[in-house]
Peer 1: 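What follows is a structure written as structure tokens; I'll ask about it next.
Sequence positions, counted from 1, serve as the residue numbers for this chain.
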Amino acid sequence: MVVGDTLLDRDVEGVVNRLCPDSPVPVLDETAYADRPGGAGLAAVFAATYGAEVALVTGVSGDEGGARLSALLDAAGVQLHPLSLAGPTPEKVRLRARGRVLLRHDRGGGAPEPGDPSEAVLRLIARASVVLVSDYGRGVARHPALRAALTGTRAPVVWDPHPRGPAPVPGVRLVTPNESEVRELAKVPSGGSRLAAAERGGQSLRERWRAGAVVVTLGGDGALLCSAGSTPLMVPSPAHADGDTCGAGDRFAASAASALSTGALLPEAVQRAVADASAYVADGGVATALPPPVRPASSPPAPSVPPPPVAGRVGTAEVASVVAEVRAAGGTVVATGGCFDLLHAGHVATLQAARQLGDCLVVCLNSDASVTGLKGPHRPVVAQADRARILAALSCVDAVLIFDESTPEATLSWLRPDVWVKGGDYACGAGDEPALPEAGILRRWGGHTVVVPYLDGRSTTDLIAAAGARPVPVGVEGNR
């Protein structure tokens with residue numbers, strides 16, 4: 001279980017061949033960029049690389065950045081348990097050339113308070129095998145309900161602190177500040193050796209926070225473990241390596257938490273974390289550890305016959321606007337999803353029934369690539385732009401969101417609908433609630449899944465088969 005603040009990180013790669021004519025600064029010609037989760041999101045992705053089932057509790061904004069984060073986390077195998085977050089997604093943009101960072105550009109403004117966690121989230125913290133709090137000073141670690149749950153859990157808690165964040169809850173197993181954070185948090189006076197200063201600061205923070213231990217990370221030199229009533233344990237780095245250290249602290253904390261979840265003792269967990277963080281930097285840092293799909297800066301050439309423009313109520317921004325307006329008025333957000341290839345009366349009946357359950361209806365539409373992956377190489381019959389246009393034209397549909405994944409999990413984690421609806425042909429469970437595959441996802445934020453009546457005998461597959469079986473009249477071409 002990872003709890004904390006998530007940011008959207010972007011590395012912009014480019015080349016520098018000249019200076020700006022009106023100011024003596026380099027001009028970066030962008031060649032590619034790569035997105036990844038940052039903050040607690042990066043720690044969760046690192047935790048998932050150890051083979052564990054990882055759940056992330058974090059604030060997610062209802063904007064395009066939030067949608068992108070949801071998709072990235074889903075692709076990394078992280079279960080997202082989102083807290084509502086007003087305002088834009090915080091972003092860190094690093095401008096790089098030849099492997100060096102020229103400038104970091106932060107976006108996202110202040111740190112609005114995250115929404116309340118669901119009961120399902122609090123129960124999950126109580127039964128986790130280990131909890132990692134990755135605090136980036138933006139409010140999640142300060143939430144009273146989460147702090148109460150963290151205080152009450154029997155799982156070992158690893159806390160990666162931030163100078164702008166709150167103190168760890170009493171009784172955490174391990175706190176992992178770096179050297180500069182210890183100096184700022186403990187107000188260590190200058191003078192003496194580096195190790196002596198780290199020990200004084202670490203022990204001071206351990207006593208103040210009533211923590212089991214504090215490990216002070218010392219960059220390429222390793223880490224110093226400060227426990228009660230014992231001489232500090234110095235764990236040197238296996239090898240000193242110069243490289244991109246972005247994310248090394250997250251790697252260290254995730255490694256230590258993973259080790260504790262398997263029953264390792266504190267010294268063993270710290271030794272493993274030092275080795276993993278050192279290897280992470282030596283191997284090239286985040287660009288190597290998380291090889292993202294690097295995107296070219298320039299757009300591909302336009303096709304000879306461009307697709308028709310998508311209707312105005314389609315897209316992340318449009319959906320975010322509709323949902324924000326409904327939630328501001330205290331309304332209910334309803335969502336449904338599917339391929340909707342060859343829209344027929346059964347689809348319309350489901351959509352109309354779904355719209356009656358709340359104050360807006362968002363349709364999550366499988367993209368062309370997603371439909372092909374689910375249905376085969378001959379589908380869809382109708383391209384996603386046209387399918388979206390037709391759906392958006394229906395009076396019962398308020399907005400349409402196209403997603404590329406095989407399931408809508410990432411989209412739902414960002415959208416957080418109050419109700420998820422499917423047609424009655426999906427009812428395959430027993431008891432009061434059908435066993436819809438999305439039911440477990442909706443429970444993460446207290447949402448509900450329902451089915452609505454479905455018109456029998458209506459099927460896209462049957463329509464395609466019937467259309468293919470009918471002869472085309474002589475002299476009639478097109479619009480088949």
Peer 1: Would you check, one step at a time, whether the test side-chain contact (heavy atoms from CB on, under 4.5 Å) holds for V93 with Y33?
Peer 2: CA-CA 10 Å; V93 183; Y33 71 88; over 6 Å; no
Peer 1: Please answer whether the main-chain N or O of H344 pairs with a side-chain N or O of H347 as donor and acceptor at a distance below 3.5 Å.
Peer 2: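 Side chain of H347 to backbone of H344: a pair is present.
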Peer 1: Any idea which heavy atoms bring L122 and P117 closest together, and the distance?
Peer 2: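 Smallest heavy-atom distance, with atoms named: CD2-CG, 3.9 Å.
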Peer 1: Is there side-chain contact between H143 and D116, with heavy atoms separated by less than 4.5 Å?
Peer 2: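 H143 reaches D116 side chain to side chain.
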Peer 1: Just to verify, what does Y136 make a ring-ring contact (aromatic ring centres under 6.0 Å, His included) with, not counting sequence neighbours?
Peer 2: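 Scan of Y136 (ring-ring contact (aromatic ring centres under 6.0 Å, His included), adjacent residues dropped) gives none.
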Peer 1: Taking D35 for its side chain and R10 for its backbone only, find out whether a donor-acceptor pair lies under 3.5 Å.
Peer 2: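 Answer holds: no.
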Peer 1: What closest approach, in Å, do L361 and L351 show between heavy atoms, and which atom pair accounts for it?
Peer 2: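 Residues L361 and L351, closest heavy atoms: CD2-O, 3.4 Å.
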Peer 1: Hey, is the main chain of I125 close enough, under 3.5 Å, to the side chain of T153 for a donor-acceptor pair?
Peer 2: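 Judged by distance alone, yes, a pair lies under 3.5 Å.
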Peer 1: With a 4.5 Å limit on heavy-atom distance, are the side chains of T58 and R138 in contact?
Peer 2: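 No, too far: nothing below the 4.5 Å cut-off.
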Peer 1: Verify, without hydrogens or angle tests, whether D29 (side chain) and G14 (backbone) share a donor-acceptor contact under 3.5 angstrom.
Peer 2: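 Side chain of D29 to backbone of G14, a donor-acceptor pair under 3.5 Å: no, none is there.
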Peer 1: Indicate yes or no for a side-chain donor-acceptor contact from S70 to the backbone of T411 under 3.5 Å, with no hydrogens or angles considered.
Peer 2: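 Checking the backbone N and O of T411 against the side chain of S70, no donor-acceptor pair under 3.5 Å is found.
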Peer 1: So D398 and V362, side-chain contact (heavy atoms from CB on, under 4.5 Å) or not? Walk me through it.
Peer 2: CA-CA 6 Å; D398 295 276; V362 176; 5.7 Å; no
Peer 1: Rounded at 0.5 Å granularity, tell me how far SG in C360 sits from CZ in R327.
Peer 2: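 Here the interatomic distance stands at 8.0 Å.
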Peer 1: Is it the case that T288 and D283 place a side-chain donor and acceptor less than 3.5 Å from each other?
Peer 2: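 There is no such pair between these side chains.
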Peer 1: Could you pull out the closest heavy-atom pair between A256 and L174, with the gap in Å?
Peer 2: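 Where A256 meets L174 most closely, the heavy atoms are CB-CD2, 4.1 Å.
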Peer 1: Looking at residues at least two apart in the chain, or sitting in another chain, which of them share a salt bridge (charged side-chain N to carboxylate O under 4.0 Å, His left out) with R94?
Peer 2: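 Result, salt bridge (charged side-chain N to carboxylate O under 4.0 Å, His left out) vs R94: D11, D244.
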Peer 1: Keeping to residues at least two apart or across chains, list the salt bridge (Lys or Arg N to Asp or Glu O under 4.0 Å) pairs with something in residues 71-86.
Peer 2: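 Found none.
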Peer 1: Kindly compute the distance separating OG (S129) from CG (L260), expressed to the nearest 0.5 Å.
Peer 2: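 Rounded to the nearest 0.5 Å, the OG-CG separation comes to 10.0 Å.
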Peer 1: Measuring from D63:CG to L69:CG, what's the distance to the nearest 0.5 Å?
Peer 2: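 The CG atom of D63 sits 8.5 Å away from the CG atom of L69.
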Peer 1: Nearest 0.5 Å, what's the OG1-CD distance between T449 and E438?
Peer 2: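 So the gap between those two atoms works out to 8.0 Å.
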Peer 1: How close do A155 and A128 get, heavy atom to heavy atom, and via which atoms?
Peer 2: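 The answer is CB-O, 3.1 Å.
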Peer 1: For T89 versus L8, what's the shortest heavy-atom pair and its separation?
Peer 2: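 What the structure gives for the nearest pair is CG2-CB, 4.1 Å.
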Peer 1: Is the backbone of L42 close enough, under 3.5 Å, to the side chain of D250 for a donor and an acceptor to pair up by distance?
Peer 2: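 Between the backbone of L42 and the side chain of D250 there is no qualifying donor-acceptor contact (under 3.5 Å).
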Peer 1: With a 4.5 Å heavy-atom cut-off, do V60 and L85 have their side chains touching?
Peer 2: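 No. Closest side-chain heavy atoms not under 4.5 Å.
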Peer 1: Could you tell me which non-hydrogen atom of S413 sits nearest to which non-hydrogen atom of I441, and how far apart they are?
Peer 2: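 Looks like OG-CG2, 4.4 Å.
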Peer 1: May I ask you to test the T332-L357 pair for a side-chain heavy-atom distance under 4.5 Å?
Peer 2: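 In short, these two side chains do not touch, never coming nearer than 4.5 Å.
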Peer 1: Do T316 and R68 have a side chain donor and acceptor closer than 3.5 Å?
Peer 2: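 No donor-acceptor contact under 3.5 Å links the two side chains.
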Peer 1: Are the side chain of S258 and the backbone N or O of S255 linked by a donor-acceptor pair below 3.5 Å?
Peer 2: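 No, the answer is negative, given that no donor and acceptor are paired below the 3.5 Å cut-off.
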Peer 1: Between K422 and T336, is a side-chain contact (heavy atoms from CB on, under 4.5 Å) present by the stated rule, with each step listed?
Peer 2: CA-CA 6 Å; K422 295 296 279 186; T336 188; 4.2 Å; yes
Peer 1: Under 3.5 Å, which donor-acceptor pairs link side chains of residues 97-108 to any protein atom two or more places apart or in another chain?
Peer 2:
residue, atom, partner, partner atom, Å
R104, NE, D106, OD1, 2.8
R104, NH2, D106, OD1, 3.3
R104, NH2, D106, OD2, 2.6
R107, NH2, E91, OE1, 2.7

Peer 1: Pick out which of N178, T176, T217 makes a side chain to side chain donor-acceptor pair (under 3.5 Å) with D160.
Peer 2: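 Single side chain to side chain donor-acceptor pair (under 3.5 Å) partner of D160 among N178, T176, T217: T176.
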Peer 1: Are L132 and F46 side-chain neighbours, meaning at least one heavy-atom pair lies under 4.5 Å?
Peer 2: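 A side-chain contact under 4.5 Å is absent here.
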Peer 1: Check this for me: does any side-chain nitrogen of one of D135 and R142 sit under 4.0 Å from a carboxylate oxygen of the other?
Peer 2: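 Answer for the salt bridge query: no.
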Peer 1: Identify each donor-acceptor pair in which a side-chain atom of residues 363-372 lies under 3.5 Å from a protein atom, sequence neighbours left out, and give them as a table.
Peer 2:
residue, atom, partner, partner atom, Å
N366, ND2, S370, OG, 2.8
S367, OG, S370, N, 3.2
S367, OG, F403, O, 3.4
S367, OG, D404, OD1, 2.8
D368, OD1, Q384, N, 2.8
D368, OD1, R387, NH2, 2.8
D368, OD2, Q384, N, 3.3
S370, OG, E405, O, 2.8
T372, OG1, D368, O, 3.0
T372, OG1, R379, O, 2.7

Peer 1: What distance separates L343 CG from I390 CD1, expressed to the nearest 0.5 Å?
Peer 2: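 Reported to 0.5 Å precision, the distance equals 6.5 Å.
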Peer 1: Using atom types as modelled and distance alone, determine if a side-chain donor or acceptor of W445 lies under 3.5 Å from a backbone N or O of V121.
Peer 2: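 Answer holds: no.
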Peer 1: For a side-chain contact (heavy atoms from CB on, under 4.5 Å) check, start with the C-alpha distance between L83 and V57, then their side-chain angles and the critical distance, and finish with the verdict.
Peer 2: CA-CA 7 Å; L83 309 176; V57 178; 4.0 Å; yes
Peer 1: Whether the side chain of R147 engages the backbone of A141 through a donor-acceptor N/O pair (distance < 3.5 Å, no angle test) should be reported.
Peer 2: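 Yes, R147 side chain to A141 backbone: donor-acceptor pair under 3.5 Å.
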Peer 1: In chain order, what residues pass the salt bridge (charged side-chain N to carboxylate O under 4.0 Å, His left out) check against R123, with sequence neighbours excluded?
Peer 2: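 Partners of R123 under the salt bridge (charged side-chain N to carboxylate O under 4.0 Å, His left out) test: none.
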Peer 1: For G66, does its backbone N or O pair with a side-chain atom of S61 as donor and acceptor, under 3.5 Å?
Peer 2: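 No, because the side chain of S61 does not come within donor-acceptor range (under 3.5 Å) of the backbone of G66.
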Peer 1: Rounded to the nearest 0.5 Å, how far does CE of M1 lie from NE2 of H81?
Peer 2: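 So the gap between those two atoms works out to 5.5 Å.
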